[in-house]
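Comments concern the structure below.
Starting from 1, each residue takes its place in the sequence as its number. Note that this is a predicted model, so its numbers are computed, not measured.
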Amino acid sequence: MIRLFKVKEKQRELAENANGGVPIKKQSAGELRLHKDISELNLPKSCTMTFPNGKDDLMSFEVSIRPDEGYYLGGTFLFSFQVSPIYPHEAPKVKCKTKVYHPNIDLEGNVCLNILREDWKPVLNINTIIYGLYHLFTEPNYEDPLNHDAAAVLRDNPKMFESNVRRAMTGGYVGQSFFPRCI
């Protein structure tokens with residue numbers, strides 16, 4: 001048994017020397033799956049993906065969504081993704097970094113999307129999440145809200161909701177909350 005460990009240690013040393021002394025970082029199963037998901041992405045034209053920590057950190061990235069229809073037409077909304085090493089067995093953590101007046105996104109950026117919570121399954125992927133986020137902007141859902149005030153206005157007075165969204169997106173107050181410009 002001891003010899004086996006010595007052989008493994010010797011192999012690791014040889015590999016490090018071949019790489020100029022830099023040990024090879026082994027990728028987790030989550031990183032491998034995420035790499036596959038990213039290579040197979042089929043994003044809508046209005047969505048872009050960036051890696052603020054560089055391409056070496058696939059587990060943390062941002063997606064920008066610019067809806068081309070609906071209440072949020074013309075706005076740009078930035079989402080951060082934090083992916084667990086046990087992905088796809090755990091859904092990525094997604095936050096909206098753009099403060100937005102939306103029934104399914106609260107003022108802290110938490111997102112109410114069923115596939116990020118109880119309906120997550122390992123067969124789902126990053127592409128599915130991005131399309132789900134995009135769909136939140138084209139079809140906001142007042143029946144499962146995080147921002148109850150916005151949901152009530154959307155349900156009871158869609159014209160007022162549209163006016164509130166425009167005011168928030170151009171930079172202004174809706175109720176007691178200030179929204180920075182995102183158009």
Side-chain angles (χ1 to χ4, degrees), residues 5 8-9 11-12 15-16 18-72 75-148 150-151 180 182:
F5 289 120
K8 288 234 182 245
E9 193 174 309
Q11 287 174 338
R12 191 174 23 248
E16 284 178 13
N19 289 335
V22 179
I24 300 170
K25 183 179 175 273
K26 191 172 180 180
Q27 287 187 312
S28 69
E31 287 174 305
L32 293 170
R33 167 64 190 274
L34 184 59
H35 190 276
K36 177 183 178 291
D37 283 2
I38 290 171
S39 69
E40 295 173 354
L41 272 180
N42 183 19
L43 294 177
K45 289 180 180 67
S46 57
C47 298
T48 57
M49 178 183 273
T50 56
F51 296 89
N53 301 333
K55 288 268 190 184
D56 291 337
D57 183 10
L58 291 183
M59 305 304 268
S60 176
F61 58 91
E62 295 178 343
V63 172
S64 175
I65 297 177
R66 190 173 176 85
D68 52 12
E69 61 180 283
Y71 296 113
Y72 299 91
T76 302
F77 305 94
L78 188 64
F79 290 87
S80 65
F81 283 65
Q82 293 296 321
V83 184
S84 158
I86 62 169
Y87 173 80
H89 300 288
E90 180 180 289
K93 305 286 183 249
V94 178
K95 281 264 204 199
C96 185
K97 294 178 81 172
T98 307
K99 190 172 180 183
V100 59
Y101 180 77
H102 194 291
N104 309 111
I105 302 171
D106 69 17
L107 299 178
E108 285 79 45
N110 298 308
V111 179
C112 182
L113 185 61
N114 62 334
I115 61 172
L116 291 174
R117 298 176 309 169
E118 71 276 0
D119 290 341
W120 176 257
K121 294 173 181 48
V123 297
L124 298 176
N125 58 29
I126 299 301
N127 208 53
T128 310
I129 296 169
I130 294 171
Y131 272 93
L133 293 171
Y134 180 80
H135 185 72
L136 283 182
F137 287 102
T138 57
E139 297 288 329
N141 178 9
Y142 60 79
E143 292 176 358
D144 187 20
L146 276 181
N147 182 335
H148 294 277
C182 65

Got a sec, which residues hit ring-ring contact (aromatic ring centres under 6.0 Å, His included) with [X], two or more places apart in sequence or on another chain?
| X | value |
| --- | --- |
| Y142 | none |
| F81 | F61 |
| F77 | Y72, F137 |

**OP:** Examine the side chains of D68 and Y134 and answer whether a donor and an acceptor come within less than 3.5 Å of each other.
**Re:**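 Looking only at side-chain atoms, Y134 and D68 do form a donor-acceptor pair, the distance falling under 3.5 Å.
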Subject >> Side-chain donor-acceptor pair present, D37, N125, cut-off under 3.5 Å >> reply: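 Per modelled atom types, D37 and N125 side chains form no pair under 3.5 Å.
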Side chain to side chain, [X] and [Y], heavy atoms closer than 4.5 Å:
| X | Y | value |
| --- | --- | --- |
| I126 | L34 | yes |
| L58 | H35 | yes |
| K95 | V111 | no |
| V63 | L133 | no |
| C112 | R117 | yes |

Would you be so kind as to tabulate the donor-acceptor pairs closer than 3.5 Å made by side chains of residues 43-55, with sequence neighbours excluded?
| residue | atom | partner | partner atom | Å |
| --- | --- | --- | --- | --- |
| S46 | OG | R66 | O | 3.4 |
| N53 | ND2 | D57 | OD2 | 2.9 |

State whether the side chain of [X] and the backbone N or O of [Y] hold a donor-acceptor pair below 3.5 Å, judged by distance alone.
| X | Y | answer |
| --- | --- | --- |
| N104 | P140 | no |
| D119 | N114 | no |
| W120 | P88 | yes |

Subject >> E62: partners by side-chain hydrogen bond (donor to acceptor under 3.5 Å, both in side chains), with sequence neighbours left out >> reply: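 Checked E62 against side-chain hydrogen bond (donor to acceptor under 3.5 Å, both in side chains); matches are K97.
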Subject >> Set of residues satisfying salt bridge (Lys or Arg N to Asp or Glu O under 4.0 Å) with respect to E90, sequence neighbours excluded >> reply: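 Here the qualifying residues are K93.
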**OP:** Write down the atom of S64, the atom of T76, and the distance for their closest heavy-atom approach.
**Re:**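 Shortest heavy-atom contact: OG-CG2, 3.2 Å.
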Measure the [atom1]-[atom2] distance between [X] and [Y] for me, rounded to the nearest 0.5 Å.
| X | Y | atom1 | atom2 | answer |
| --- | --- | --- | --- | --- |
| M59 | S28 | CE | OG | 4.5 Å |
| T138 | Y71 | OG1 | OH | 11.5 Å |
| Y131 | I65 | OH | CD1 | 10.5 Å |
| L146 | C96 | CG | SG | 11.5 Å |

Subject >> Verdict with supporting geometry, I115 and I129, side-chain contact (heavy atoms from CB on, under 4.5 Å) >> reply: CA-CA 7 Å; I115 61 172; I129 296 169; 4.2 Å; yes
